[in-house]
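What follows is one structure encoded as structure tokens, with my remarks underneath.
Labels below follow one simple rule: chain letters A, B, ... track the order of the sequence lines, proteins then strands, and each chain is numbered from 1.
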Number of protein chains: 2
Amino acid sequence: MRQARHASTTAQESRALLTKRRLKVTKARLVVLDVLRSARRPMSVHELLKAARGRAGGTVTVYRMVNSFVARGILRAVNLRHDHLDYELIGPTDHHHIVCVKCGLIEDFTGCGAGRMAAAVLKKSRSFKLVREHAIELFGTCRSCAGAEPSSKK
Amino acid sequence: MRQARHASTTAQESRALLTKRRLKVTKARLVVLDVLRSARRPMSVHELLKAARGRAGGTVTVYRMVNSFVARGILRAVNLRHDHLDYELIGPTDHHHIVCVKCGLIEDFTGCGAGRMAAAVLKKSRSFKLVREHAIELFGTCRSCAGAEPSSKK
DNA sequence: AATGTAAATGTAACTCATTTGCATTTGCTC
DNA sequence: GAGCAAATGCAAATGAGTTACATTTACATT
Ligand SMILES: [Mn+2]
Ligand SMILES: [Mn+2]
Ligand SMILES: [Zn+2]
Ligand SMILES: [Zn+2]
């Protein structure tokens with residue numbers, strides 16, 4: 001809120017993010033956080049490794065990293081029907097994802113109405129007392145992939 | 001629609017389910033379908049094997065089974081944040097699941113409002129054209145587990 | 001700035017879910 | 001009942017993710 005968004009502001013944010021949770025600041029961790037920040041989309045461990053070009057440490061290190069980050073609320077794990085989990089930074093704006101099943105394009109969206117949904121479910125359910133989290137993903141086709149379609153007539 | 005729901009009605013339904021998709025009717029397949037029908041909840045491959053007590057064939061067979069069933073629209077794979085997929089029969093009533101993160105209790109719910117949600121997302125999105133599917137799961141605590149809680153004050 | 005300690009890392013080995021190759025059996029069509 | 005593709009069983013392979021353990025590093029304390 002004080003300085004302009006120049007230079008290594010994000011590095012400072014990452015430092016803060018880590019120290020706040022009492023995690024040590026290491027080169028590898030800063031790189032992974034930076035990769036995620038600039039990618040602006042959920043990434044798998046292997047995508048992180050590739051994007052970091054060796055600067056993120058080894059495979060095991062990145063696995064340990066994402067696990068501890070998820071445990072401490074820095075990252076969220078999302079299931080986009082790939083055969084693995086993808087990870088993204090938890091930001092101030094909660095959101096979900098819509099995925100193109102043809103090309104893999106991912107877009108965020110907000111306004112899922114989960115509050116209403118949870119309330120309705122709890123009202124009807126005899127067994128459940130509380131909803132803590134929700135997972136919502138949409139799967140469809142993007143404009144370019146829909147164009148290249150055989151023919152979804154009707 | 002003609003006979004009452006006695007005896008082996010479900011076996012007939014399973015036979016129909018299979019032959020309609022040009023899948024051969026085997027003992028193992030009938031057993032798996034029956035297990036799922038009576039369990040009324042999503043089950044993992046290993047739960048299926050256990051519940052079937054040897055009558056479902058070997059592990060590999062059940063894996064192949066659920067894969068072909070999912071491919072042909074007999075089963076749906078659901079992700080309940082276990083470390084594997086669970087499978088459930090696709091019925092006439094589309095629904096989602098709410099899971100107790102303490103004890104694993106699973107309950108179905110309907111009325112997720114995904115139609116509205118999809119419409120809203122498509123209206124806002126520049127990239128997406130069509131929504132085909134959606135995954136929604138709620139995670140919370142059931143009454144008995146909420147009771148045994150340390151103290152969720154406030 | 002040197003030191004101590006717990007946390008983080010690297011390497012290799014391991015676990016566990018799921019898949020694949022191949023030989024054998026079985027359901028179904030004619 | 002014969003013939004053939006589909007289904008099965010078994011063993012081996014694959015691949016994601018974890019664990020053990022020795023080594024290094026961050027960082028608090030002096
Ligand atoms: Mn996102
Ligand atoms: Mn269900
Ligand atoms: Zn696309
Ligand atoms: Zn419970």
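- Applying the 4.0 Å criterion to OP1 and OP2 of C:dG10, one finds that A:T61 has a side-chain N or O inside that range.
- Atom CG in B:L48 sits about 15 Å away from atom C1' in C:dA17, given to the nearest Å.
- Both A:V25 and B:L23 sit near DNA chain D, but only B:L23 has its closest nucleotide nearer the 5' end.
- With sequence neighbours left out, the side chain to side chain contact (heavy atoms under 4.5 Å, CB included) criterion links B:A119 to no other residue.
- Atom CZ in B:R29 sits about 11 Å away from atom P in D:dG9, given to the nearest Å.
- If you take CG of A:L18 and P of C:dA7, they are 15 Å apart, rounded to a whole angstrom.
- Under the ring-ring contact (aromatic ring centres under 6.0 Å, His included) criterion, the residue pairs touching residues 55-83 of chain B are B:H82-B:H84, with sequence neighbours excluded.
- Using a 4.0 Å cut-off between a side-chain N of Lys or Arg and a carboxylate O of Asp or Glu, B:R41 and B:E107 do not qualify as a salt bridge.
- The nearest whole Å value for the distance from the CE atom in A:M65 to the C1' atom in D:dA26 is 14 Å.
- B:L85 and B:V35 fall within the same hydrophobic cluster, defined by Ile, Leu, Val, Met, Phe, Trp and Tyr side-chain heavy atoms under 4.5 Å apart, directly or through other members.
- Other residues, nucleotides and ligands contribute at most 12 non-hydrogen atoms within 6.0 Å of the CZ atom of B:R40.
- Without hydrogens or angle criteria, A:T19 side chain to A:R22 main chain gives no donor-acceptor distance under 3.5 Å.
- Taking atom CZ of A:R22 as the reference point, atom C1' of D:dA28 lies 14 Å away to the nearest angstrom.
- For the pair A:R81 and A:F139, the cation sits on the ring face: its NZ or CZ lies under 6.0 Å from the ring centre, inside 45° of the axis.
- Protein atom CZ of A:R21 is 18 Å distant from nucleotide atom C1' of C:dA8, rounded to whole Å.
- For the pair B:K27 NZ and C:dC28 C1', the computed distance is 18 Å after rounding to whole Å.
- As the counterpart of D:dT30, C:dA1 is assigned, both hydrogen-bonding distances of the Watson-Crick or G-U wobble pattern falling under 3.5 Å.
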(Q) Using a 4.0 Å heavy-atom cut-off to protein, can you give one letter per nucleotide of nucleotides 13-25 of chain D, 5' to 3': B if the base is in contact, S if only the sugar-phosphate is, - if neither? (A) ---SBBBB-----
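- B:L30 places its CG atom 16 Å from the P atom of C:dT26, with the value rounded to the nearest Å.
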